[in-house]
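Okay, structure first, notes after.
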Amino acid sequence: MLTEVKNQWKVTMLSIKYALQREMLNKVTFFSNIIFMMLNNACFIVQWIILYSLKNEVGGYSFKQILLLWGIAAGTFGVSHFFFKESYELSETINTGKLDAFLIQPKNVLLSCITSSVEVSCIGDMIYGWIMLFIYGFTLKNALLFAFFCITGGFILTSVAVIFASLSFWFGRVEIVANTINSLMTNFATYPEGIFKGFVKILFYTILPIGIVNFLPIQLLKDFNFSTFLIIIGVTILFIAVAFFLFYKGLKRYSSSNLMNVRV
Amino acid sequence: MRKYFYILKSELMSNLQYAFDILVGFISYCILIFIFLNLWKYIYADPTELINGYNMNQMIWYVIITEILWMSLGGRKLCKKICNDVKSGNIAYNINKPYNYVEYALFNHMGLVIIRFILVGLLGLILGIVFLHSFPSLTILEILGVLLSCLLATIINIMLVTSIGLISFFIEDANPFFWLYSKMILVIGTIFPIEFFPAVLQPIIKFSPIYVVSYGPAKLFVNFTMTNWTQIMIAQGIYLVISFLICHGIYYKGVKKLNVNGG
Amino acid sequence: MKTKIRKKGVISLAVITVEHLSKNFKVKLKEKGLKGSIKSIIKPNYKIIKAVKDISFNIEKGEMVAFIGPNGAGKSTSIKMMTGILYPDKGEIRILGLDPKTQRKKLAYEIGCVFGQKEQLWTHLTPYDNFKFFGAIYDLPSSHVEKKIQEFIELFELEDFINTPVRNLSLGQRIRCEIVASLIHEPKVLFLDEPTIGLDPVVKENIRVLIKRMNKEYKTTVVLTSHDVSDIEKLCKRVIIVNKGQIVLDDSMENLKYHYLNKKIVEAKMKEAVNLEDQEGITILKDKGYNLKMEVDIKKKSIADAIKLLNPDNIVDINISNIPLEQIISSIYKDGEQE
């Protein structure tokens with residue numbers, strides 16, 4: 001069991017390394033992608049400067065907390081889209097029969113598949129996240145917590161993507177649903193929780209777990225609370241488990257590319 | 001004129017199939033409006049309060065209109081297409097056609113924009129009415145005035161994006177320029193009216209394309225006055241000429257370069 | 001089911017056992033146009049397609065078997081079930097005693113797959129680095145992989161391009177590397193799906209030599225699908241033909257040929273026109289007066305008798321040949337369709 005995990009880890013890291021090498025073939029594109037993404041995120045600060053000139057708190061957040069919220073959002077998005085880029089293409093991979101290549105390898109199909117390429121611009125997101133943490137206030141405790149929440153949040157975002165993409169095994173083309181959920185997650189992630197009321201808030205702690213990915217970490221970085229911390233860990237594990245369960249459940253219904261050849 | 005109409009019509013028909021793409025656009029549009037609705041409800045302690053001369057409903061309508069304009073433009077697709085035409089040599093093929101490439105691109109793209117404008121426009125109006133229970137008091141004539149300014153805004157926008165795409169005659173990748181342009185419009189032009197920016201910046205923004213492609217039509221929609229309308233029409237007229245000249249200028253320079261290099 | 005296999009006594013000999021294998025696909029029917037798309041979302045209309053219908057066969061160690069059939073016959077569905085890609089609806093498969101349904105990972109260590117149209121190599125890496133990567137996938141120690149690569153370089157003549165990035169290789173070199181990459185873990189069974197598709201004749205021949213050499217060196221059992229009859233003719237001693245989800249023929253290549261070798265094609269060019277009618281053992285295929293083509297069933301009429309009918313003095317040129325394998329196979333496909 002332990003050697004199996006070790007071997008899986010080795011292959012996953014190797015796969016990410018090679019995928020990164022592929023992106024680095026063109027150095028200019030590589031670096032400009034990263035820098036443009038950082039600039040892109042930075043642009044949105046303008047919006048918040050204006051909003052905070054109208055009011056000195058928005059949704060219960062100070063300006064620095066908004067920057068931290070952006071930091072967490074960029075960091076989690078970065079982790080998820082960099083290391084697990086292919087989880088956002090998973091629906092198409094399933095529908096076009098491209099899982100075949102991973103099914104004939106003696107490794108975890110889901111992991112092999114979603115780590116098979118990387119999104120370079122997300123390195124910019126991750127760096128941007130850390131810059132925001134520095135502005136917010138860098139202490140060892142903050143840094144450790146921030147790193148940890150980027151990982152748990154990244155895992156949750158990836159799990160949500162996998163869960164909705166796995167519906168393809170049953171319903172075929174669900175890209176629209178999967179993409180909508182993913183864009184909902186990123187759009188809501190950069191606005192303070194306090195501006196929303198009622199029903200949406202329930203969504204934030206259930207099928208659109210932005211609360212767990214973004215809002216609770218902001219809270220914990222301000223006042224650490226062990227039981228909330230445990231909740232974040234628990235929910236992360238739960239999402240990962242559901243993602244794996246659904247994917248493997250659906251895999252039994254996988255039809256490879258055979259259906260595409262059938263024209264009726 | 002008729003040939004351009006046919007170009008427009010054929011593009012219109014072929015784009016009907018992209019209903020699904022439009023649906024995805026719809027959803028992200030709804031999310032955006034929903035977020036701003038919540039945001040402005042939070043900022044405005046009292047809906048009748050005026051901030052920089054705008055009440056809450058006006059602020060939300062402002063975003064609804066600027067987003068309709070931006071979403072129906074499909075600027076990234078246009079820029080990509082122009083870049084590809086230049087890179088693949090498709091443009092050289094178009095040189096021999098009995099129409100001008102720039103006008104071809106404009107009318108071709110208008111087909112897509114019109115469909116999207118109607119669909120996103122309807123959606124935006126419905127969202128506004130459902131959430132705000134109100135509609136700016138506009139006469140039929142004023143509505144036509146707003147629509148005219150929307151049309152001009154779109155044409156100027158297409159011309160500017162086409163110019164950006166045509167830069168790829170001279171440099172490897174024009175996408176960063178489009179990116180800068182879209183960020184400028186989105187960050188400065190769609191969320192807040194010009195009055196929200198620091199007094200020093202306001203004159204600069206008024207002279208930038210933002211005033212004619214984004215602020216103008218939205219401002220007219222939320223607060224129509226004859227003076228505003230005349231001002232915006234004049235500004236749009238001037239920008240129309242400028243963008244037309246820039247676009248053709250870059251095109252002819254680029255084609256000349258193409259001929260010198262032998263395609 | 002298991003006891004049944006043991007009773008037959010095949011489990012000790014057979015590397016691949018397939019028993020009563022079936023697979024259906026549920027396909028959503030879609031009408032044309034936007035209206036049809038909307039309708040198919042609201043009230044989907046399904047059709048069951050029986051891709052594989054109750055097939056059974058055994059393959060023994062070291063065999064090279066051609067698994068062929070027309071498009072949509074169910075051959076790649078069967079292969080995908082054998083490799084653990086697809087779940088069977090009914091039936092049992094054992095590859096080296098392993099069940100692909102439940103022991104996919106274990107099985108993957110033992111088998112290799114090459115799908116002609118699908119590439120599994122990283123194109124920006126050299127074949128060498130790719131082989132190292134595949135070594136890691138199969139948990140092989142680094143030193144072992146190096147040794148293996150050296151062995152392959154010599155055996156399959158890779159030294160010219162072992163350090164060239166795959167994207168700069170020719171299609172033939174690439175396919176060669178694809179096959180070699182799937183051998184790195186010394187699979188006991190190799191599935192080759194259209195390995196020579198899109199290659200020129202010289203490269204095709206190279207690939208065939210490679211496959212033959214591999215079978216000889218490592219005693220690898222090979223299951224091959226191909227639309228190229230010469231692939232099958234040159235590599236395989238046994239043919240399984242599937243059509244419409246069923247096995248229509250499972251026989252040795254010799255038998256297949258022998259059965260049809262009773263018939264010969266006689267083409268003759270004549271000085272004078274002959275008018276020949278169909279008769280016992282002779283079918284006229286083409287008669288243009290001076291040029292004649294006929295099929296002779298030598299069980300019913302000897303070649304000598306057939307030639308006598310032509311008046312040997314008048315023959316300018318004559319050619320007697322076997323029916324090409326391609327024609328044999330397509331006639332078998334057609335037989336299946338008539339049923």
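Numbers restart at 1 for each chain; the letters A, B, ... are given by sequence-line order, proteins then strands.
For the atom pair NZ (C:Lys23) and OG (A:Ser255), the distance works out to 7.5 Å, reported to the nearest 0.5 Å. Atom CG of A:Asp100 and atom OG1 of C:Thr83 lie 7.5 Å apart (nearest 0.5 Å). Taking CD of A:Gln8 as the reference point, atom CD1 of C:Ile137 lies at 9.5 Å (rounded to 0.5 Å).
Between A:Tyr254 and C:Ile85 the shortest heavy-atom distance is CD2-O, 3.5 Å. For the pair A:Ser116 and C:Trp122, the tightest heavy-atom approach, listed with the atom from each and the gap, is O-CH2, 3.8 Å. Of all heavy-atom pairs between A:Val109 and C:Arg104, the closest is CG2-NH2, 3.1 Å. Taking both residues in full, the closest heavy atoms of C:Ala136 and A:Val11 are given as O-CG2, 3.3 Å, listed atom of the first, atom of the second, then distance. Residues C:Ala108 and A:Gln105 come closest through the heavy atom pair CB-C, 3.7 Å.
When atom types are taken as modelled, the side chain of C:His124 and the backbone of A:Tyr18 share a donor-acceptor pair closer than 3.5 angstrom.
In this structure, chain A has no heavy atom under 4.5 Å from any part of C:Asn71. For a residue to count as touching a neighbouring chain, one of its non-hydrogen atoms must lie under 4.5 Å from one of that chain's; by this rule C:Leu125 touches chain A with the side chain only. For A:Gln21, the parts lying under 4.5 angstrom from a heavy atom of chain C are both the backbone and the side chain. Within the 4.5 angstrom heavy-atom criterion, atoms from both the backbone and the side chain of A:Ser15 approach chain C.
For the pair C:Arg167 and A:Leu25, the minimum side-chain heavy-atom distance is below 4.5 Å. Side-chain atoms of A:Leu251 and C:Tyr87, non-hydrogen and from C-beta on, never get closer than 4.5 Å to each other.
C:Lys105 NZ: more than 12 foreign heavy atoms inside a 6.0 Å radius. A:Phe245 CZ: 12 or fewer foreign heavy atoms inside a 6.0 Å radius. Applying the 6.0 Å contact sphere to CH2 of A:Trp9 captures no more than 12 heavy atoms from other residues, nucleotides or ligands. Residue C:Lys132 qualifies as enclosed at atom NZ: its count of foreign heavy atoms under 6.0 Å is above 12.
The pair C:Asp139-A:Lys107 meets the salt-bridge criterion, with a side-chain N (NZ, NE, NH1 or NH2) lying under 4.0 Å from an Asp/Glu carboxylate O.
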